[in-house]
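Per chain, numbering begins at 1; letters A, B, ... match sequence-line order.
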Amino acid sequence: MTPKLDLDEGIVLACRAAAEQISADVMARIDDKTTVSVERTILRVLGLEGADEEGVPLANTVVDEVLTEGGLGRGVAFWVGNGLLQTDMSLESLAKGVADGSVELCALPVADEQAVHDVVERGCRERIEELSAALSKRREMRERLGESTQPLSYVLTATGNVYEDVVHARAVADYGGDIVAVIRSTAQSLLDYVPDGPTTEGFGGTFATQENFRIMRRAIDEWSEENGRYVRLSSFCSGLCMPEIAQMGVAEGLDNMVNDALYGILYRDINMIRTLVDQRLSRAINGYFGIVINTGEDNYLRTADAIRAAPSVVASQFINFQLASDSGVPPEQIAVGNAFEIHPDVPNGFLLELSHAQLTRELFPHCQVKYMPPTRHMNGNPLRTHACDTLFNLITIATGQSIQTIGVPTEGIFTPHIHDRVLALENVSYVTTAAAGLADEIEFRTGGFIQQRAQEVLKGALQILEEVAEEGLFGAIGEGRFGDVSRHESDGRGAEGIVSKADDYFNPLVEALGREPLVHS
Amino acid sequence: MTPKLDLDEGIVLACRAAAEQISADVMARIDDKTTVSVERTILRVLGLEGADEEGVPLANTVVDEVLTEGGLGRGVAFWVGNGLLQTDMSLESLAKGVADGSVELCALPVADEQAVHDVVERGCRERIEELSAALSKRREMRERLGESTQPLSYVLTATGNVYEDVVHARAVADYGGDIVAVIRSTAQSLLDYVPDGPTTEGFGGTFATQENFRIMRRAIDEWSEENGRYVRLSSFCSGLCMPEIAQMGVAEGLDNMVNDALYGILYRDINMIRTLVDQRLSRAINGYFGIVINTGEDNYLRTADAIRAAPSVVASQFINFQLASDSGVPPEQIAVGNAFEIHPDVPNGFLLELSHAQLTRELFPHCQVKYMPPTRHMNGNPLRTHACDTLFNLITIATGQSIQTIGVPTEGIFTPHIHDRVLALENVSYVTTAAAGLADEIEFRTGGFIQQRAQEVLKGALQILEEVAEEGLFGAIGEGRFGDVSRHESDGRGAEGIVSKADDYFNPLVEALGREPLVHS
Amino acid sequence: MNPSSTPEAGEGVRPYADRDDGIVQVSFTLPVRDSRAARITGLEIAGQMGLSRAEVVHSQPVTAGYTYLILYGSFDRRVDVDSIRRDDFDMDYMDHDEVDAFAASRIGRPVVVVGASTGSDTHSVGIDAMLNLKGYDGHHGLEAYEAFSVHNLGSQVPNAKVVADAIAVGADAIVVSQTVTQQDLHIHNLTELVEMVEAEGLRRRTVLVCGGPRISDELAKELGFDAGFSKGTLPNHLATFLVSSVAQRSATSSPA
Amino acid sequence: MNPSSTPEAGEGVRPYADRDDGIVQVSFTLPVRDSRAARITGLEIAGQMGLSRAEVVHSQPVTAGYTYLILYGSFDRRVDVDSIRRDDFDMDYMDHDEVDAFAASRIGRPVVVVGASTGSDTHSVGIDAMLNLKGYDGHHGLEAYEAFSVHNLGSQVPNAKVVADAIAVGADAIVVSQTVTQQDLHIHNLTELVEMVEAEGLRRRTVLVCGGPRISDELAKELGFDAGFSKGTLPNHLATFLVSSVAQRSATSSPA
Ligand code: B12
Ligand code: B12
Ligand SMILES: Cc1ncc(COP(=O)(O)O)c(C=O)c1O
Ligand SMILES: Cc1ncc(COP(=O)(O)O)c(C=O)c1O
């Protein structure tokens, strides 16, 4: 795509430099912390699945035990590795032993540290190879069946019942949907564990469980094979279990993940250290295994004014990008977010949106930019929403977005009914076909409204980035710089799950992921 | 508006020249003809309103009597003028006398020709001055209250009941509609008389009667005064009574008229000589009194393929313009028509529409180009239609159209329900506001798809125009060049109402209208 | 077991939105000022329609004294769809060649068809799509078939002329199109045609078909036609119906 | 006489589309394959809704085994809108200054308000719009009023915490927001709050209000609240209701 906004490359570089500093700062501040979720993820990677009768996952039982015993600073991997060596049990039996009290993990004799590390590292490498092999197969399937050309349409299902989600997902695929994302039930984010098994009750979404992932994946793969087009599956690495969901996603062959660095802090009131530590591992996993991650700047425009907040969106895109990058996600796997959220009554709102969308596209040429539909100002009138969605779809294609979450006509009322997505996808197909070549055909007047606006927003973003680099990301969040939401380091949920690493902290996963990723999408 | 299509001015001039020749040809061929409708119009201008108990308008009774008596070649004005001189009756009494048989108009002694001409010409001039005075007042009202900025939205009501139309028109005005057009009942076009009085039954529209015009005008004026924005009223000068409707429109203060030269021929199967003679007077009247006329090229795209037929649309715009111009309509009062009718599934259809709409705009810089919404491919799904209407609205504003007929979501189903227009107008307002400055901001790539398409269509139009200039308009219509509909000179309805002018043919109206128009819009 | 909530065969169906929840959308304008009273009147109507848990999700003034409402509610009854499926339901259509072959072997002479868009209806695209050579959507019209001899009278044709011409050419079938339906114009017009055909004593020997965007087979039969065709009709659909009907009539009438 | 067909007062109303014709639009998905059977089942449902002359104007497959239908039909009964209009119907709201003046003279102390978006609901924009200084649509929230002492607990607040805090600060009013309504989550959550307030013996002395895009006053009352507020609510609406209710309670309780 030829650039159209006449941006000052110097400002872009300065933005990147500021973001690098902000990210380096964050990484330094969280480097000595681990979390219960990070530790549970290690166990899951090692192959620990399942839950006890009360639905408490074994990974939770083990990590909680080690936490209670005060040993988590050394890393759960150490204790489990030691347990494996000392008891000669399988990981699952060991965990069940912890669950039923027959094994006191932290009270076992301690074997040679190197031996413990070796056994866990070996297990970890083996599992990673297994996962990588499965993902290579998936990549082959993707290539064999082929995907739609960009923009890929990203569609949420949200029935609460995974088996209904399958029906709804088929309708999505039938009408050209490219990525199905099962959004999660309202309650899940704040659960400090991942529910187990298939679920049929949920509110505003369906629980993300490994079994639910499996059920959806199977159904969508079936559809893909039958219809000769690969449809992707996505979920949400967010809330108190970010890295665990990432691991589950990899295990079940998901292709995409919504995986923002700050969403949990701002919109779920999760403690910021907790989220930043968790996002790092979740992104390392996603990065390594070729999962495309989506950031969530769109949310800011739902709580702050879309015009005023535009520079903060761009600033956040740079930060989110850098944090992901520093966690090991390659640019092609980072889909930075943006949204069409200016009030429909604003004069020249369409021009502003065009400018903003083009700006994201030009600032992140190697990223899969993701564009989100109008929701905030949508009301109970589906035709009004549909008209806004039509212009949203037009900007998507006119600015060459890579992924677009589709807008549904009942956006202002409820999570979509089965036909609402179909009607929405027809709108997408209509606009995307009718305006297929638009991006190549139109130009913006030199020095005109659209160019000027983009240049202004970029300047505003640089100012924010430089100020944030100065005061640090934590302080900036405290000031409500993003989405007009203010959160403080000492507040928020899940802080009790943060643990300082001891000097002998051991985490075989981070090390293993440090190598070159095996799979790229 | 700065031109964007890089058109070859030489081709444009050649098109105009060919159209001039075509029009001159037509004028020559119809110059010796008058029609019953033309003659009735003279009586109406002279002030003859009303009908007998069976609903037969007095104008019809008188003209039919003269026709039967074989005197119409001299012009009804002569016989009536003579009657007035001979009987000393009022025009109305005279006509009633003809109706009840008490006056034998063509059997009266014949007065001095000059004296007859004088009395009628005086009457005619007086009435024209009266009408002009009323229209000046209207123009003042329009200026005092002010109108919306262009594009003006043109909205049809079609309930069949004029009193319901009033309710529907208020809703239209409330939601920003600028021109209310009461479309006519299916049966009216082929009636060789104008029904009389208020009507409450009609199919697919409401009869155009002078009383209905009055009722609507009063209601809309009331709304305009109450709300401080002038709303226009429009109707249809088409069918077998084109010039009479024009006269009635002037008398009742209408602002716009759909008034195409060929529609009746192609779509109502009216004889071509009849229509061409009738259109000439109807347009002379509209031109003189400052009424804006709309042509109907949009219709071609409903019976012929919109992409293939594009050059014929442009050719017809030139012809329609020239015929109007040669009948005395100034360019600012000619709204040449075009429509958004490419099938929604056509790849790059939006770019084609953009190109076509911009082409019309650039070819007729002094005209009020009128843009018509998608109808042909609209189906029973209102959301699909609404999405198409959204892009239609966008092209309207992006190409600087002057008037846009709005598309309603139920276009593919029925004439709009009261809320359908409201929903449609909200779409129009949304797009028109959000993209207000779009036309000034976007440019088309030099030598790109949009420019090339426009240039091709223009070339195609020139070829058609040159061929039509060669073979004449009548032959071209016979070949189905417009809308894929073929009609022949000898066929069609209303031919029995064509009369050859005698050497002493007298028509005071045409002469009176020959002077400089008094009112311009 | 089907773990989604879609009902099993025989259970009867109801609307499905998020799951088997009966949810329907209803919208209309009330001649009542935009007010709480308008919304409650809307809910009252939804209730009378048998909708439970109805709610108004949108209301707006249309003009003074009129309010547009959008409601959702649950239709909780179930309808037995199995009893609705009948045998003659979805006809299997022959293609062009099959029709011609069928007519050649079973009828042995061209089927004479008179067609028009009738009354004051000027919409000719539908009837032309059925009859003219050019046809519709890449399928030739009946003029292209050997099986038919076609008389397309065009549009705006009075019923009386249709009937007179049918008599004149000895039509086996009269096929008419109706597009304008406002104030039930099509009903009046189609009813008039049936009455005229009956009055002329032609009904038994003439296949009578109508079509148009808002004609359904049910409506057509109710009005006294043999069949009705709506959107999506292709010429071979009509052709199949005509040759089948004519063949059947010959079969049942010849032994008599 | 009104020459349009709009019914006169007292006549009762029905839907109005082109005229007084009763026409309504209905749409839904059926778990039936796209077929004539699906369309006829749709018509059967429309019939059971009391719609006459129903027709399917659109049908399309949603996915294998599911069909989306759009129908029109006439609801011919009339509803007596006059009997629906009641006195307490459209409240006259005081503005900011009026509320403060009213509270000063009639209550004489700040009204203590505890507010939250409750349960697992993270949507805080609605409750913040009512309570925060910034307010909504250019109107300050209750924090800006002298009449109130506001405790906004934020979002995702368990009902138990709301009640505990209300007791702790001696709240005159509890005002909660609910946005997520899928599978009736809001109903469960609001019902739970009412039960807790009652269990704590606070119901009589506490004004209980809920709000949200899909809360209606009727629904709120049904669930045991004193009032419910929906889209379009401004802070002064809530403020008016709160000071009026508190003043009335003091008036009725003080003589006792
Ligand atoms: C083209 C068109 C016109 C053209 C017609 C040109 C012509 N020569 O046909 C023109 C511009 C002249 C026109 C005029 C009018 N139109 Co018109 N027009 C349309 C339009 C855009 C498309 C119709 C069409 O051609 N469809 C394509 C054909 C192929 O589809 P079809 O007719 O449904 O045919 C298919 C089937 O139904 C079936 N079929 C049809 N007939 C038959 C017959 C048989 C025997 C069989 C077996 C099958 C069959 O097979 C066909 C192929 O599958 C529609 C809007 C729309 N999208 O539907 C409005 C529409 C039909 N028009 C409408 C109206 C009101 C009018 C006018 C009356 C307006 C007025 N008051 O002036 C006028 C005048 C008409 C009159 N006296 O009848 C309304 C009708 C509303 C209603 N339900 O009552 C519509 C729906 C637009 C609207 N929303 O207002 N129109
Ligand atoms: C902003 C928003 C979010 C933000 C919320 C940020 C925040 N801090 O509030 C974020 C992005 C975090 C979010 C998340 C989710 N959201 Co959300 N969200 C919205 C959105 C776009 C706007 C809501 C809003 O702010 N409206 C503006 C305010 C001012 O309006 P209001 O709340 O109606 O308030 C007014 C009145 O109702 C009233 N009022 C409201 N409360 C009260 C209280 C009192 C006492 C009174 C008197 C009056 C009153 O006064 C206000 C002013 O007039 C809507 C879509 C839409 N257009 O409605 C979806 C929407 C509400 N979200 C939805 C969903 C499903 C979710 C999720 C559950 C999705 C998921 N599974 O992850 C999540 C998570 C949530 C959870 N646990 O609750 C659905 C709800 C569907 C339903 N009916 O059940 C919607 C409708 C979108 C959709 N179509 O799917 N969301
Ligand atoms: C960036 C981001 N993360 C996560 C979510 C959903 O998160 P959760 O399931 O944690 O509520 C959303 C929902 O919109 C989101 O935008
Ligand atoms: C150019 C033109 N003239 C006239 C009409 C309506 O004409 P009538 O009332 O003669 O049927 C139309 C309707 O669409 C039209 O497009």
What are the two closest heavy atoms between A:Ala435 and B:Asn348, and how far apart are they?
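That would be C-OD1, 3.8 Å.
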Which residues from residues 373-380 of chain A are near chain B, with near meaning under 4.5 Å between non-hydrogen atoms?
->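 So far as heavy atoms go, nothing in residues 373-380 of chain A approaches chain B to under 4.5 Å.
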Could you name the residues of residues 394-403 of chain A that have a heavy atom within less than 4.5 Å of a heavy atom in chain B?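 A:Leu394 fall under the 4.5 Å cut-off.
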Which of A:Gln451, A:Lys4, A:His386 touches chain B most, by non-hydrogen pairs under 4.5 Å: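 Most pairs with chain B among the choices: A:His386.
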What part of [X] lies closer than 4.5 angstrom to a heavy atom of chain A: side chain, backbone, both or neither?
X: B:Leu423; value: side chain
X: B:Pro344; value: both
X: B:Glu441; value: both
X: B:Asn381; value: side chain

Exercise for review: Measure the spacing between NE2 of A:His343 and OG1 of B:Thr433 and express it to the nearest 0.5 Å.
Suggested key: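 A:His343 atom NE2 to B:Thr433 atom OG1 measures 11.5 Å (nearest 0.5 Å).
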About how many Å separate CZ of B:Phe449 and CD1 of A:Ile442, when rounded to the nearest 0.5 Å?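 Atom-to-atom, A:Ile442:CD1 and B:Phe449:CZ are 14.0 Å apart.
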What option among B:Pro382, B:Pro409, B:Gly437, B:Ala424 has the most heavy-atom pairs under 4.5 Å with chain A?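 So the answer, after comparing B:Pro382, B:Pro409, B:Gly437, B:Ala424, is B:Gly437.
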| query | Quick one: are B:Leu383 and A:Asn427 in side-chain contact, heavy atoms under 4.5 Å? | reply |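 Result no, sub-4.5 Å side-chain heavy-atom pair not found.
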B:Arg384 side-chain N/O to A:Glu426 backbone N/O, donor-acceptor pair under 3.5 Å: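 No; zero donor-acceptor contacts below 3.5 Å.
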